[in-house]
Each structure stands twice: as structure tokens, then as C-alpha cells.
Amino acid sequence: MQLYTNPNSPFARKVRVSALELGLADRIENLEVTLSPINPHAALGQHNPLEKIPALITDDGEALYDSPVICEYLDALAGGGRLIPTAGAARWMALRRQALADGIMDAAVLVRYETVLRPATLRWPEWREGQWHKIHTALDALEREQLGETFDIGAIAVACALGYLDLRFAESAWRAQRPQLAGWLDRITERESLRATRPV
Ligand code: GSF
């Protein structure tokens, strides 16, 4: 399998962490690409019309995207139910947490584009504040949820979202009002899959 990826992409990190946790990383060749909405990657575009990473090319030559679909595929390949519970409350909790964390990543990536890509004269501070509002309310929800030690797809996604905030927005001080979440991240960061995929 081949994975279109980048070391700093939080969505691609979610896939790489999942592959490591499932013992599938050795079967995946990482194709590192750099891209943005104004700098698309032609070869990737032949597989993913949305021109986004991550995209996985399976051994059958099929392209899979986006990150939740790829993680589900890898989980199924490893037997199923390993990172994504197959039924019951645990399944919906894990998937909802993934959606919440993906939402943080979406908003943070948009703020990043707004900050580093968009010409200064075209920036719109209220729009950026609106994205930050989503990030903060999602973080508050995670603080209230009190994450446990189960390392399922929800936990993986949350760890990758927080890692991206630390990478791109170290000044955001998201930990200040969220001691439970900060402590959880400190503990979970020791996992080998997270250490091995730490952004550069
Ligand atoms: C989001 C992927 C994404 O935004 C998923 O895989 O879950 N819903 C998708 N990827 C970014 C890179 S990143 O910051 O992780 C991307 O490919 N951006 C390029 C673009 O043209 O938007």
C-alpha cells in the first residue's frame, strides 16, 4: 500500500498512528507530498479528486480517502474492531470523538491557511476568530469528557488534533483552562506510535 502523506499533516498522522497500532505500518510506503489549496499536487489529484492528504492506494490499486475511511479500512484489514469498536455505545463514542477532533483539525488547518497563505490585505479577522471559537468550544467539550486510557480511533484523533495545535499554534495556551485534557495528552504521548509520528 502507498500513503500520500506529510509529516505535519494531523489527518495523515491519524492514519500513520493507526497503522502502527494495528501492526500494518510495514506494509505501507509513505509518499511525502507538500500541497495546499493554491499549490495542488498533480499525481495525488489522479487518485483523490479533492487533492487532499491522506490518500491511501490499496494493494488492489484502489484509492481511499479521507482519513476516517482509511482508518476504518486499516482496522478491517487487521481483523476489525481493534481501533473502531464494532457496536454499542463504545462505537458511537469513539466515532463522535473522532468527528470532534477532526473538526478541531479542520478549523485549525483553515486558520493556518488564512494566516500563512492568504495575502495580508485579504485576511478577515472575524472569520479567523470564528474558527478559533469552534476549536475552543470543542476543547472545552473534550475537557468535560475526561478521556480515559482506551486508545481507540477517538483517542488517536484527539491526540493528533492537540499535537497539531502545539505544532502550529504553540502560543494558543490551550492547556491553561484544561488540566484534565493536558494531563491526558502528557500521558498518552508516551505511546510509541505517537512518539514515532511526532510532527517535525
Ligand atoms: C481532511 C484532509 C485535509 O484537510 C481527512 O482526511 O480527514 N477530511 C479530510 N488535508 C489537508 C492537509 S492537512 O493539513 O492534514 C490537505 O490536504 N489540504 C490541501 C487542500 O487543498 O486543502
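Just so you know, ligand 1 is whichever comes first in the structure, and atom 1 is the first atom listed for that ligand. By convention here, the first residue in the shown sequence is residue 1. What you are looking at is a predicted structure, and each value in this text was computed from that prediction instead of being measured.
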Item checked: Connected hydrophobic set around I53, excluding itself, where side chains approach under 4.5 Å -> Y4, L31, V33, L35, L44, I57

Check: Which other residues end up in the same hydrophobic cluster as L110, if Ile, Leu, Val, Met, Phe, Trp and Tyr are linked when side-chain heavy atoms come under 4.5 Å apart?
Finding: W124, W127

Check: Side chains of T197 and R16: do they bring a donor and an acceptor to under 3.5 Å?
Finding: no

Item checked: Distance-only side-chain donor-acceptor flag, E29 / Q2, under 3.5 Å -> yes

Next item on the list: Could you note down all residue pairs passing ring pair (Phe, Tyr, Trp, His ring centres under 6.0 Å) where residues 166-194 supplies at least one of them, sequence neighbours left out?
Entry: W132-F169

Check: Would you say the side chain of F151 lies within less than 4.5 Å of the side chain of S193, judging by non-hydrogen atoms?
Finding: yes

Table of N or O contacts for ligand 1, cutoff 3.5 Å:
residue  : atom   : partner : partner atom : Å
ligand 1 : 6 (O)  : S67     : N            : 2.9
ligand 1 : 6 (O)  : S67     : OG           : 3.4
ligand 1 : 7 (O)  : S67     : N            : 3.3
ligand 1 : 7 (O)  : S67     : OG           : 2.6
ligand 1 : 8 (N)  : D66     : OD2          : 2.9
ligand 1 : 10 (N) : I53     : O            : 2.8
ligand 1 : 15 (O) : S9      : OG           : 2.5
ligand 1 : 17 (O) : I53     : N            : 2.8
ligand 1 : 18 (N) : Y113    : OH           : 2.9
ligand 1 : 21 (O) : P37     : N            : 3.4

